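Keep in mind the model is a prediction, meaning the values are calculated, not measured. Throughout, a chain's letter reflects where its sequence line sits, starting with A, and its residues are numbered from 1.
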2 protein chains.
Amino acid sequence: MANNQFKRGELYSFITGKASTAIARRLQKKFNSANLNLTIEQWSVLYHLWKQDGISQQELCNASYRDKPSITRLVDNLEKLQLVKRVSSESDRRMNLIYLTGRAQKLQDQTMELANETLLEALEGVSPDRIDVCREVLQIVYDNLAG
Amino acid sequence: MANNQFKRGELYSFITGKASTAIARRLQKKFNSANLNLTIEQWSVLYHLWKQDGISQQELCNASYRDKPSITRLVDNLEKLQLVKRVSSESDRRMNLIYLTGRAQKLQDQTMELANETLLEALEGVSPDRIDVCREVLQIVYDNLAG
DNA sequence: GCCATATAGTTGTTTATACAACTATCCAAA
DNA sequence: TTTGGATAGTTGTATAAACAACTATATGGC
């Protein structure tokens, strides 16, 4: 049993996610410096739409691991910023399909470049195989808890 | 340059911190099931006070990587829950020293046990040396960005 | 067709974070 | 001893997340 106990600091770091918080803040600062007027959360929604445009809010929930009210309000704010449009589905009128505007399409390259830059800074001095291990462990953690 | 490009999914996972979010949610659910009426953020403040009681709000900021308004409001809420008390410092009247109440002291064992349990579930199937690599990488990331 | 149930999305409330602007106190240099 | 800058904390405002309660639409059994 004692073998299964985590050290305090270790435990705290994993739970509070200091590293990913730091990454997100760094990226947010880059967005702000570039006057993008975009939050990381808004970016993370656009991210899924860049992969596939015109998906429903429910699909955005699943993809971004957020609940429905969170997506409702993120889409509200993205609409205010004229980055997306809600289009009621013809086949199922309960659904809103979310489409990128031209403005949002133009943001993709610049923001992905800043995201890449941020990760390079974050992972400086870490060998590729250690990055791989870390990524795999985090994926397992996610899979262990997602169910 | 192409060598330095991250894959999209990898990039997204690191930035959005899916794993640590999932851990925090699982722990929150355990708190709720145990009727602890305590948020993870509140717990993370108590965590530092369990290590050292009677520190200032500024020290809580440094320890928990939050800004001053965040700590002000977390301490507000912890005071409402009668888990901490603000005591004005005698030596420097600008400072509030934050002290745990008896109620908060009693929460330590139970919540740390739940946190341990959560991490065991999260890291199930991951070998100790891979956990170590992951932890070290995340520490480097934090150090790279904290400055 | 009718109704129970499921699904998609919205709204209300509480808690938390980021940033800017503010007050109060301390300290050190003139 | 005064004054100006630094430090500790608070308040206002915007964005976001979790949870519960709600509306609207779809669907499958009868």
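What separates CD1 of I71(A) from P of dA18(D) is a distance of 11 Å, to the nearest Å. Rounded to whole Å, the distance from CG on L78(A) to C1' on dT15(D) is 12 Å. Rounded to a whole Å, the CG atom of L38(B) is 14 Å from the C1' atom of dA16(C). Between the CD1 atom of I40(A) and the P atom of dA18(C) there is a distance of 11 Å, rounded to whole Å. The CH2-C1' distance, from W43(B) to dA16(C), rounds to 17 Å in whole Å. The nearest whole Å value for the distance from the CZ atom in R25(B) to the P atom in dA16(C) is 16 Å. The separation between D76(B) atom CG and dT17(C) atom C1' is 14 Å, rounded to whole Å. Regarding L74(A), its CG atom lies at a distance of 13 Å from the C1' atom of dA14(D), rounded to whole Å.
Counted by atom type alone, Q57(A) and N96(A) present one or more donor-acceptor pairs between their side chains at under 3.5 Å. No side-chain donor-acceptor contact under 3.5 Å links S89(B) and R94(B). E121(B) and T118(B) are not linked by any side-chain donor-acceptor pair at a separation below 3.5 angstrom, with hydrogens and angles left out of the test.
Mapping Y65(A) and M95(B) onto DNA chain D by nearest heavy atom places M95(B) closer to the 5' end of the strand. The residue among N96(B) and R93(A) whose nearest nucleotide of DNA chain D lies closer to the 5′ end is N96(B). Mapping K29(A) and V75(A) onto DNA chain C via the closest heavy atom, the residue that lands nearer the 5' end is V75(A).
For the helix from dG1(C)-dC30(D) to dA30(C)-dT1(D), the end axes, each set by the C1' atoms of five terminal pairs, are bent relative to each other by 10° (nearest 10°).
At dT17(C), none of the side-chain N or O atoms of R73(B) fall inside 4.0 Å of OP1 or OP2 (strictly under the cut-off). A close approach under 4.0 Å does occur between a side-chain nitrogen or oxygen of T39(A) and OP1 or OP2 of dA16(D). The phosphate of dA17(D) (OP1 or OP2) has a side-chain N or O of R66(A) nearer than 4.0 angstrom. Under 4.0 angstrom from either OP1 or OP2 of dA16(C) there lies at least one side-chain N or O belonging to Q42(B). The side chain of N32(A) contributes no N or O atom lying less than 4.0 Å from OP1 or OP2 of dA18(C). Close to dT10(D), at under 4.0 Å from its OP1 or OP2, lies a side-chain N or O of Q57(B). Taking only side-chain nitrogens and oxygens, R86(A) comes nearer than 4.0 Å to OP1 or OP2 of dT10(C).
Salt-bridge formation is detected for the pair R135(A)/D132(A): a Lys NZ or Arg NE/NH1/NH2 atom is positioned less than 4.0 Å from an Asp or Glu carboxylate oxygen. Ion pairing between E41(A) and R66(A) fails under the 4.0 Å rule for side-chain N and carboxylate O.
L49(A) places a side-chain heavy atom less than 4.5 Å from the side chain of I55(A).
Side-chain atoms of R94(A) come within donor-acceptor range of the base of dT7(C), with a qualifying N/O pair under 3.5 Å.
Cation-pi geometry between R25(A) and Y65(B) is satisfied (NZ or CZ under 6.0 Å from the ring centre, within 45° of the ring normal).
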Yes or no on side chain to side chain contact (heavy atoms under 4.5 Å, CB included) for I98(A) and K85(A), after CA distance, side-chain angles and deciding distance? CA-CA 6 Å; I98(A) 311 301; K85(A) 271 182 307 193; over 6 Å; no
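Using a 4.0 Å heavy-atom criterion, one finds that D67(A) contacts the bases of the nucleic acid, with or without backbone contacts as well. Heavy atoms of S89(A) sit nowhere under 4.0 angstrom from any nucleic acid atom.
Among the nucleotides dA8(D), dA8(C), dT17(C), the one closest to any side-chain atom of K68(A) is dA8(C). You'll find that the side chain of P69(A) is closest to dG12(C), out of dG12(C), dA18(C), dT11(D).
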